[in-house]
Trainee: 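Quick one: the structure is below, questions incoming.
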Amino acid sequence: MTAICSWRRLKDGHPRKKHSDRCEAVCTWIALPFCFPAPENYMGPVKTAISPTRAENYPEWYQQVIKGADLAENSAVRGCMVIKPWGYAIWENMQKVLDQMFKDTGHQNAYFPLFIPMSFLEKEAEHVEGFAKECAVVTHHRLEPDGKGGLRPAGELEEPLIVRPTSETIIGATYAKWVQSYRDLPILINQWANVVRWEMRTRLFLRTAEFLWQEGHTVHATAEEALEETRKMLEVYADFVENYMAVPVIKGEKTAGERFPGADMTLSIEAMMQDRKALQAGTSHFLGQNFSKAQEIKFQDKNGDIVHAWTTSWGVSTRLVGALIMTHSDDDGLVLPPKLAPSQVVIIPIYRDDTQREEVISYCKSLKQELASQIYADQKVRVDIDDRDMQGGNKKWYHVKRGVPIRIEVGPKDIAANGAFVTRRDLGQSKSMLRTDLVSGVVGMLTEMQDNLFNRALAMQKANTVEIHSEAEFRAYFVPDDDRECSTGGGFAKCWFSSEEAVQPLLDELKVTIRCIPLDSPKGEGKCFMTGQPTTTMGIFAKSY
RNA sequence: CGGGGUGUAGCGCAGUCUGGCUAGCGCAUCUGGUUUGGGACCAGAGGGUCGUAGGUUCGAAUCCUAUCACCCCGACCA
């Protein structure tokens with residue numbers, strides 16, 4: 001396999017000569033066991049739209065894809081990002097689908113306050129400990145002149161307010177008032193909101209101080225019912241992530257050490273990114289009676305007894321956008337799964353003068369209309385014409401970098417042949433098509449692309465998942481590929497293990513975590529890869545985001 | 001909070017060690033022209049109180065002090 005060098009394209013005579021040295025260095029990294037091989041017909045260094053490439057520096061590539069696709073940027077506020085229109089449109093599409101899924105499973109939307117009285121958070125001990133260190137705190141409610149031309153906070157609050165890092169406590173306190181009788185249950189509510197977690201280190205979409213998400217909070221009369229809800233919502237997430245985002249996931253249960261603070265059981269879906277690191281894509285928590293006891297969510301059951309309720313919570317965030325980027329994108333930028341692409345087809349008119357323009361534009365408009373009347377995933381195909389005054393090549397790469405699934409170029413020659421020049425983003429090869437074939441085939445193309453993205457990602461995940469039976473094997477598996485900072489090693493390791501305590505020191509050393517105990521792990525017994533003891537627990541181990 | 005680094009045009013950087021002409025370069029932008037099935041070329045133009053505040057000096061982007069911001073590593077992180 002060959003990594004493609006993107007540095008060679010620097011012009012001769014460029015003042016920064018060191019780039020040519022760097023180029024040589026880059027070109028020697030040609031035997032990386034990476035999952036994105038050069039094309040079959042590799043002819044030597046080519047120009048990629050994104051620099052560096054995945055193989056050269058994955059974390060930097062990720063940032064550049066976001067920049068190239070104009071999804072988001074850092075803001076003036078430390079750790080907080082600005083989500084730009086193209087990025088936000090992707091999130092909106094995710095919201096639309098998820099929101100319908102929640103409603104189809106009996107949930108309603110509501111909204112709770114951004115601020116939480118500090119005393120609320122204190123009620124559940126584990127919960128406090130889990131979130132205290134990353135809470136933003138409001139202590140004043142007013143500003144006044146400081147006499148030096150600036151402002152200073154005034155009006156200290158009697159009780160500080162926490163900016164919600166998650167809403168279990170404020171929602172629980174509200175539910176306590178709503179629940180009197182078993183007839184009031186279940187409560188099935190979701191909220192779309194922003195939350196703040198004051199993280200020390202942030203990355204666009206993956207970890208930001210403020211992020212957008214949805215959080216479902218439900219109350220049930222019995223543990224069984226709450227458990228069923230917890231599992232059901234994990235299935236909803238898995239369904240969405242696999243069938244809309246085209247990202248294959250592993251459904252599993254978190255170990256005690258990785259659980260949500262205050263939960264009795266945490267389920268998650270884990271996805272593998274192209275650098276083989278794991279990303280938690282969604283979680284669903286069975287909170288037992290921990291929060292109902294802390295917040296007195298009680299009701300009178302059919303026997304007339306006063307009992308505590310059982311609660312759940314579940315959420316996914318804008319982090320999903322990060323997962324989307326890192327799963328499908330390539331060295332030319334973003335690749336969007338058709339079902340979530342804000343624009344599924346873009347038509348680029350090509351003409352030289354005003355006479356041609358009129359002809360080309362009118363052809364494009366009618367083509368757009370025909371394409372947009374096709375139905376894909378229960379909706380009209382989303383088609384845009386890009387008639388901006390911009391050079392053809394630049395315009396083409398603009399849409400490549402933004403990941404538009406199908407690009408259609410129409411010039412006088414195509415019109416003469418009653419056709420168009422068509423490129424699918426994931427394949428990159430263009431072909432001339434007859435207009436009638438294009439219109440009748442566009443839904444098929446989108447469907448195939450959606451499937452191809454999923455299958456490609458699944459193949460990658462499978463190719464980088466191994467079973468490991470000994471410490472030595474485990475160590476060898478997670479050795480980085482080379483000595484670069486950004487280098488990772490390994491992938492997913494399936495291992496039998498006896499307990500978290502037994503493996504923790506090794507995991508800390510290698511910076512590996514237990515992602516989950518897969519729900520479909522084999523029944524039976526194996527030998528712990530560390531201690532050799534018999535055990536019934538098999539986990540997925542990986543480096544993670 | 002510990003260690004390291006960086007702040008110079010919209011973006012990316014050089015210049016700082018060794019103080020000295022009008023502070024440069026690439027990309028981007030604007031204008032004119034030539035191009036036109038592909039990420040164009042030629043000519044020209046605009047854009048900077050060199051992070052901030054003091055200090056040393058005839059003279060500071062450059063040296064000194066303080067301060068702020070950001071980045072990386074660690075710690076931390078459903």
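Chain A is the first sequence line, chain B the second, and so forth, proteins listed ahead of strands; every chain is numbered from 1. No experiment lies behind these values; they were computed from the predicted model shown.
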Trainee: Rounded to whole angstrom units, what separation is found between the CG atom of A:Asp332 and the C1' atom of B:G39?
Mentor: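 Roughly 11 Å, once rounded to whole Å.
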Trainee: Grab the CD-P distance between A:Glu73 and B:C71 for me, whole Å please.
Mentor: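 Whole-Å distance recorded here is 14 Å.
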Trainee: Got a sec, which residues hit side-chain hydrogen bond (donor to acceptor under 3.5 Å, both in side chains) with A:Tyr363, two or more places apart in sequence or on another chain?
Mentor: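 Per chain and number, A:Tyr363 pairs via side-chain hydrogen bond (donor to acceptor under 3.5 Å, both in side chains) with no residue.
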Trainee: Holding to salt bridge (Lys or Arg N to Asp or Glu O under 4.0 Å), I want the full list of residues that pass it with A:Arg435, two or more places apart in sequence or in another chain.
Mentor: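 Residues passing salt bridge (Lys or Arg N to Asp or Glu O under 4.0 Å) with A:Arg435: A:Glu370.
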Trainee: Under 3.5 Å, which N/O atoms of the protein pair with N/O atoms of nucleotides 1-8 of chain B?
Mentor:
none

Trainee: Sticking with atom C1', work out how far B:U8 lies from B:A14, rounded to a whole angstrom.
Mentor: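 Going atom to atom, C1' in each nucleotide, I get 10 Å.
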Trainee: Expressed as a whole number of Å, how far does the P atom of B:G59 sit from that of B:U22?
Mentor: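 Looking at atom P only, B:G59 and B:U22 are 16 Å apart.
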Trainee: Could you state the interatomic distance from CD1 (A:Ile361) to CD1 (A:Ile385), rounded to the nearest 0.5 Å?
Mentor: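 So the CD1 of A:Ile361 and the CD1 of A:Ile385 are separated by 6.5 Å.
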Trainee: Can you check the distance between B:G3 and B:U67, where both ends of the measurement are the P atom (answer in whole Å)?
Mentor: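 It works out to 15 Å between them.
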Trainee: Using atom NZ of A:Lys511 as one end and atom C1' of B:A75 as the other, report the distance to the nearest whole Å.
Mentor: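 Result: 11 Å.
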Trainee: Taking the same atom, C1', in B:U62 and in B:U56, what whole-Å distance lies between them?
Mentor: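 Roughly 13 Å separates the two C1' atoms.
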Trainee: Strictly below 4.0 Å: does A:Lys133 bring a side-chain N or O up to OP1 or OP2 of B:C77?
Mentor: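 For B:C77, OP1 or OP2 has a side-chain N or O of A:Lys133 closer than 4.0 Å.
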Trainee: Excluding sequence neighbours, so at least two apart, what forms side-chain hydrogen bond (donor to acceptor under 3.5 Å, both in side chains) with A:Glu235?
Mentor: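 With neighbours one apart ignored, the set is A:Lys251.
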Trainee: On a whole-Å scale, what distance lies between the P atoms belonging to B:U36 and B:C72?
Mentor: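 Result for the P pair: 47 Å, nearest Å.
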Trainee: Could you name each residue pair satisfying side-chain hydrogen bond (donor to acceptor under 3.5 Å, both in side chains) that touches residues 398-412 of chain A, not counting sequence neighbours?
Mentor: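 Pairs touching residues 398-412 of chain A that pass the test: A:Asp386-A:His399, A:Tyr398-A:Arg402, A:Arg407-A:Glu409, A:Arg407-A:Thr423.
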Trainee: Among all residues two or more places apart in sequence or in another chain, which pass the side-chain hydrogen bond (donor to acceptor under 3.5 Å, both in side chains) test with A:Asn394?
Mentor: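 Partners of A:Asn394 under the side-chain hydrogen bond (donor to acceptor under 3.5 Å, both in side chains) test: none.
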Trainee: Taking the same atom, C1', in B:G10 and in B:G47, what whole-Å distance lies between them?
Mentor: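 Result for the C1' pair: 9 Å, nearest Å.
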Trainee: Relative to the 5' end of RNA chain B, which residue comes earlier, A:Phe131 or A:Gly79, by the nucleotide with the nearest heavy atom?
Mentor: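 Looking at RNA chain B, the more 5' nearest nucleotide goes with A:Gly79.
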Trainee: Round to the nearest Å and state the distance from A:Leu204 atom CG to B:C70 atom P.
Mentor: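 Computing the A:Leu204:CG to B:C70:P distance gives 15 Å.
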Trainee: Keeping A:Trp91 on the side-chain end and A:Ile83 on the backbone end, is there a donor-acceptor pair under 3.5 Å?
Mentor: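 No; zero donor-acceptor contacts below 3.5 Å.
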Trainee: Both distances under 3.5 Å, Watson-Crick or G-U wobble: on that basis, could you give the dot-bracket string for RNA chain B, with [ ] for crossing pairs and | for other-strand partners?
Mentor: (((((((..((((......[...)))).((((((.....)))))).....(((((..]....))))))))))))....
Trainee: I'd like to check the side-chain hydrogen bond (donor to acceptor under 3.5 Å, both in side chains) partners of A:Glu73; sequence neighbours left out, ordered by chain and number.
Mentor: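 For A:Glu73, the residues satisfying side-chain hydrogen bond (donor to acceptor under 3.5 Å, both in side chains) (neighbours in sequence not counted) are A:Lys84.
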Trainee: Does the protein touch nucleotides 32-38 of chain B at the base, only the backbone, or not at all? Give it as B, S and - per nucleotide, heavy atoms under 4.0 Å.
Mentor: ----SBB
Trainee: Once side chain to side chain contact (heavy atoms under 4.5 Å, CB included) is applied, do any residues pair with A:Ala136, and if so which ones, sequence neighbours excluded?
Mentor: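 A:Ala136: side chain to side chain contact (heavy atoms under 4.5 Å, CB included) contacts with A:Val163, A:Val196, A:Trp198.
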Trainee: Identify whether any heavy atom of A:Trp213 sits under 4.0 Å from a base atom; if not, whether one sits that close to sugar-phosphate; answer base, sugar-phosphate or nothing.
Mentor: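 Base contact.
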Trainee: Examine the side chains of A:Thr218 and A:Thr312 and answer whether a donor and an acceptor come within less than 3.5 Å of each other.
Mentor: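 Yes, a side-chain donor-acceptor pair sits under 3.5 Å.
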Trainee: Identify each donor-acceptor pair in which a side-chain atom of residues 537-545 of chain A lies under 3.5 Å from a protein atom, sequence neighbours left out, and give them as a table.
Mentor:
residue	atom	partner	partner atom	Å
A:Lys543	NZ	A:Phe478	O	3.3
A:Ser544	OG	A:Arg515	NH1	3.2
A:Tyr545	OH	A:Asp275	OD2	2.6

Trainee: Round to a whole Å and report the spacing from NZ of A:Lys67 to C1' of B:C11.
Mentor: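 Value for this atom pair: 6 Å.
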Trainee: Tell me the interatomic distance from A:Arg407, atom CZ, to B:G39, atom C1', rounded to whole angstroms.
Mentor: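 Rounding to the nearest Å, CZ of A:Arg407 and C1' of B:G39 are 11 Å apart.
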Trainee: Please report, rounded to the nearest Å, how far the C1' atom of B:C76 is from the CD atom of A:Glu199.
Mentor: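 Atom-to-atom, A:Glu199 to B:C76, this comes out as 8 Å.
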Trainee: Is the A:Phe211 ring parallel, tilted or perpendicular to the A:Trp213 ring (thresholds 30°, 60°)?
Mentor: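 Ring orientation, 0 to 90° scale: perpendicular.
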Trainee: Can you tell me how far C1' in B:G74 sits from the matching atom in B:G55, rounded to whole Å?
Mentor: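 Straight-line distance between the two C1' atoms is 36 Å.
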Trainee: Among B:C11, B:C77, B:A40, which nucleotide sits nearest the side chain of A:Asn394?
Mentor: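 Side chain of A:Asn394 sits closest to B:A40.
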Trainee: Using the salt bridge (Lys or Arg N to Asp or Glu O under 4.0 Å) criterion, which residues pair with A:Arg475? Sequence neighbours excluded.
Mentor: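 With neighbours one apart ignored, the set is A:Glu471, A:Glu509.
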Trainee: Taking atom P of B:A40 as reference, at what distance in whole Å does atom CE of A:Met390 sit?
Mentor: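 In whole Å, B:A40 P lies 10 Å from A:Met390 CE.
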Trainee: Expressed as a whole number of Å, how far does the C1' atom of B:G46 sit from that of B:G2?
Mentor: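 The answer is 47 Å between these two C1' atoms.
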